[in-house]
Every structure is written in C-alpha cells, then in structure tokens.
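Data first, discussion second: the structure below is written as structure tokens.
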Amino acid sequence: MVIERFPRRHPDSAFRAIGDEGGMVVMPERAEVKVLNPVGIKIFALLDGEHSRDQIVEAVVAEFDVDAPQAAKELDVFLAELAAEGMLAQGETVSSEESP
Amino acid sequence: MSEGASVSPFQALSRSAFAKAIPLNCQIEITYRCNHLCTFCYNSPSGAREMTTEQIFEALRKIADFGVLYTTLTGGEALCHKDFFKIAAEVRRLGMALRIYSNGYLLADRKVVRRVRELNPLEIEISLHGARPESHDALTRIKGSFERTLKGVRNLVDAGLKVMLKTPITRLNQDELFEIRDIGESMGLRIAFDAVITPKDDGNLDPLALRANDEFIQKYWSEWYQELHRGQLPPKTNHCASDGEANCGTGRSGFTVDPYGDILPCVAFRRSAGNILAVDSLEQIWAKSPVLNEVRDLAVDARRKLDQHRDGSYFTFCLGVAEVQTGDPLGLYPQAELNAKAVRRHYELLEIGESKTGGKSA
C-alpha cells in the first residue's frame with residue numbers, strides 16, 4: 001500500500017490543537033468531531049499538500065520519541081485510517097498503485 | 001493515532017481547552033428578524049444596520065481561521081435570514097460543525113427540511129413552549145405556531161436529523177412539563193428545560209413577569225426534577241462550565257457575535273469586546289481585549305464568591321443575568337438563590353432516602 005507523496009487533508013476539515021495534549025478534527029460531511037492524540041494532530045496539521053510524507057516523518061521523529069521506520073509505518077496506518085473516514089482530500093486517497 | 005472510544009479523550013481535551021481559554025464554540029446571531037413575537041425574548045435590537053451576507057461570510061472566515069470547531073447559527077430566527085442556506089453552507093464549507101437554533105416554524109415545510117438535511121448539521125435545537133396550542137401560541141403570540149413547530153420537529157426527525165427540544169419554563173407552561181417531555185420522548189428526543197427567564201439584553205425586566213412562581217420552582221428542583229428527567233440529578237454547575245476554577249465558560253469556551261458584528265463573551269453577557277469586521281484576526285482581540293480578560297476574571301471571582309455561600313455548591317449562576325438584573329455581574333439575583341436552595345434540598349432529600357434504604361436511590 002503506497003501513500004501519496006504530498007498528502008492533503010480534506011479542505012473542509014477544521015481542526016484545533018489543544019496545547020500539547022492532542023486535538024480535535026471536524027469530520028467533513030458528517031459534522032462529527034474526532035479526537036486525535038498529540039502525534040495525530042501534529043500530522044494532521046502537516047497534511048497541507050506541501051509537506052511530503054518523508055518531511056512529515058522527519059517532523060514526527062524530531063518532536064516525539066520514535067524512530068523513523070516506526071514513524072513511517074504508523075504514518076501509513078494513520079493515513080489509511082483518515083482516507084477510510086473521508087478525511088483526506090479527493091485524489092489523496094491511499095491506493096495500492098505505485099506513486100509517481 | 002486516534003483515541004479509543006471507551007475512554008473520554010473528548011472530555012479531557014474540552015476541559016483542557018476550557019482551562020486554557022481556547023474557544024471551540026461560536027454562536028452567531030445572523031439576524032434579529034423573527035417570525036414569532038415571544039414576550040419573554042431577550043433580544044433587544046438597537047436599530048443599527050445588521051451585517052450583510054458578505055460581511056457574515058467575512059466574519060465566518062475569521063471565526064474559522066481562529067480555530068473554532070462548532071458554529072451555531074441563531075437569531076432572532078436564523079431561518080428568517082434571506083440567505084440562511086448560503087450562510088449555513090459557508091459554515092460547513094469552512095469545515096466547522098454546524099448547529100442551528102430555531103423555533104421550527106419554517107421547518108413545517110418538508111422542502112426546507114430537505115435543504116437543512118443537505119447541510120449535515122450536528123444538531124438542531126427547537127424551542128417548544130407548551131404541550132398544547134393554548135400555551136405555546138400564547139407565548140409566541142403566533143396562532144398556529146404550535147402545530148407548525150411540532151410538524152417541523154417531526155419533519156426533522158423523519159429526515160434522520162439530530163434534534164433537541166428546549167423549553168423555557170414560564171407560568172403559562174409550568175403545569176405542562178411532563179406532557180412536553182412526553183411529546184419529545186414520543187419522537188425519541190431529548191428535552192432541556194430552562195428554569196431561568198432572563199431580562200431583555202437592554203435591562204428591560206418585563207420578561208420576568210412570565211417566570212414560573214416561586215412555589216413551583218422550589219418543587220421543580222427539589223421534588224420533580226428527577227422524575228421529569230428520568231432519574232437524572234439536577235445540575236450543580238452551569239452547563240457551559242467545566243470542572244475548572246471559573247463559574248462558567250463566558251469569554252473562555254466560546255463567544256457570541258451579534259447581528260451587528262459585535263463580539264460578546266457569551267450570549268448572556270453582552271459586553272462588546274470589539275467588532276469582528278474591524279479586526280484582521282480574532283487572535284489579538286481574544287488575547288488582549290480588556291473586556292474578555294475582565295469577564296474571565298469575573299467568572300473566577302464568581303466561583304470563589306459562590307464557594308463562600310451556604311448553597312454555593314448548588315448554584316447555576318449567570319454573570320450576564322446578574323449584571324442586567326442587579327447591576328453587578330457578581331450580584332446574587334433572586335432566581336439563582338431560589339434555584340440553589342431548592343437544588344440543595346433535592347440532594348438533602350436524596351441523602352435522607354439513601355440513609356433510610358441503606359443504598360443509593362438513583
């Protein structure tokens with residue numbers, strides 16, 4: 001399973017970090033609110049279509065106690081979860097095809 | 001990286017946001033226009049020009065940029081705004097969760113409800129003022145409003161939307177509360193009763209003449225509350241308060257924008273902290289406004305003051321009501337004292353019941 005190189009959150013997703021404790025995201029279309037832990041909200045804020053997957057991994061490694069391979073693995077799982085919940089922009093869904 | 005559903009990370013984060021005065025909610029009054037004439041309505045239009053639709057869009061962009069997650073559209077009657085659906089769609093386009101406060105009158109039309117459904121609102125709160133036309137219509141002063149409101153509620157429920165009913169308790173409906181509850185439950189709906197009738201925003205005390213009589217209010221809190229609320233205990237704190245040091249969430253958990261664009265600490269405490277159209281961003285006003293800082297301090301002072309009171313642990317106290325009614329935001333107004341005393345009595349009766357039965361009764 002391969003992730004888009006520059007993943008982008010759904011443009012209708014409002015989100016807010018609450019201190020360093022995590023954050024909340026409004027799920028597009030459903031008007032429900034999802035709670036993310038500190039790593040999750042950090043990543044969500046970086047899903048702006050400008051940060052690459054590798055840059056996001058670097059940012060997570062720099063701030064949290066995790067090594068790069070583990071961070072990359074968890075990022076892929078997280079992005080797949082977001083994609084399944086419609087929280088990534090259209091065209092940014094996780095696919096099994098090779099990315100360009 | 002999302003939290004499990006069994007714990008309550010949402011509550012934990014909400015409490016943290018409250019403590020840090022990070023606002024998650026905004027209530028925007030898009031117009032004072034209304035198709036009802038409720039005698040106890042707190043709105044006091046000044047006659048100034050209301051924001052245009054474009055200006056409301058500008059306000060919404062600033063609200064979204066500020067990180068607000070939940071926006072409530074209210075009024076007046078929000079659905080009376082000619083561009084209500086454009087405004088509501090903009091709230092959703094900006095990614096905020098949408099709540100709608102309405103009297104339900106225009107929702108008797110299924111076509112309107114279909115358009116509301118397309119907005120995917122989080123919740124719609126509808127005011128129901130009686131269990132029958134005689135009481136409801138007497139309070140709204142619009143003949144036929146009871147039937148139309150109920151039809152509107154049914155339409156919303158049929159459309160699969162989440163609805164909550166709200167009933168301010170007045171002397172005209174005080175004997176119908178159980179029937180009102182039953183109407184709501186027959187449609188699977190939650191209902192919130194409000195025992196405090198507030199003065200008008202301009203200080204006019206006329207609405208208070210409609211409040212339920214003291215004997216009723218005492219019995220409501222001390223004897224009937226649990227039965228009416230299916231076993232739920234009466235609240236000991238304001239619904240907008242967390243467990244923090246502040247009495248309530250005014251200027252802290254959210255804010256209100258009135259139809260002229262003025263930013264208020266909350267819907268009840270109507271001191272303007274500035275105009276949303278006059279600032280580039282809400283960040284600065286939120287952090288530096290003397291009004292907001294004073295209001296936050298007052299909410300802490302109120303909690304400390306109530307803690308000194310005999311019934312202090314049982315108060316639901318509104319600084320805005322206190323200011324309008326007594327001239328002092330920390331002034332204890334009669335309704336709050338009466339309510340606290342009766343709630344205390346409820347808990348005392350509960351303890352007597354428990355000691356007699358040797359266990360918890362609720």
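Quick note on labels: first sequence line is chain A, next is B, and so on, each numbered from 1.
For the pair A/Met27 and B/Arg92, the tightest heavy-atom approach, listed with the atom from each and the gap, is O-NH2, 4.3 Å. Nearest approach of B/Phe10 to A/Val33, heavy atoms of both residues: CE1-CG1, 4.1 Å.
With a 6.0 Å radius and a threshold of 12 heavy atoms from other residues, nucleotides or ligands, A/Asp67 has its CG atom above the threshold. At most 12 heavy atoms of other shown residues, nucleotides or ligands fall within 6.0 angstrom of atom CZ in B/Arg190. Within a 6.0 Å radius of NZ in B/Lys151, no more than 12 heavy atoms belonging to other residues, nucleotides or ligands are found. Heavy-atom contacts from other residues, nucleotides or ligands closer than 6.0 Å to CD of B/Gln284 number 12 or fewer.
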Applying side chain to side chain contact (heavy atoms under 4.5 Å, CB included), run through B/Met96 and A/Val26 and close with a yes or a no.
CA-CA 6 Å; B/Met96 295 180 285; A/Val26 176; 5.7 Å; no

As a quick check of understanding, evaluate side chain to side chain contact (heavy atoms under 4.5 Å, CB included) for B/Lys20 and A/Glu21, giving each step before the final call.
CA-CA 12 Å; B/Lys20 294 180 170 75; A/Glu21 296 152 69; 2.4 Å; yes

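Between chain B and the residues A/Ala17, A/Gly23, A/Gly22, A/Ala14, the most heavy-atom pairs under 4.5 angstrom are made by A/Ala14.
In this structure the side chain of B/Leu24 reaches within 4.5 angstrom of the side chain of A/Ile18, judged on heavy atoms. The shortest distance between side-chain heavy atoms of B/Pro9 and A/Met24 does not fall below 4.5 Å.
Looking at residues two or more places apart in sequence or on another chain, you find no side chain to side chain donor-acceptor pair (under 3.5 Å) involving B/Arg114. Every residue two or more places apart in sequence or in another chain that forms a side chain to side chain donor-acceptor pair (under 3.5 Å) with B/Glu90 is listed here: B/Arg93. Legend: residues meeting side chain to side chain donor-acceptor pair (under 3.5 Å) with B/Arg303, ordered by chain and number and at least two apart, are B/Asp307.
Within the 4.5 angstrom heavy-atom criterion, no atom of B/Ala64 approaches chain A.
Of residues 70-81 of chain B, those residues with a non-hydrogen atom less than 4.5 Å from any non-hydrogen atom of chain A are, in numerical order, B/Tyr70.
A distance-only check finds a donor-acceptor pair linking the side chain of A/Arg16 to the backbone of B/Phe66 [under 3.5 Å].
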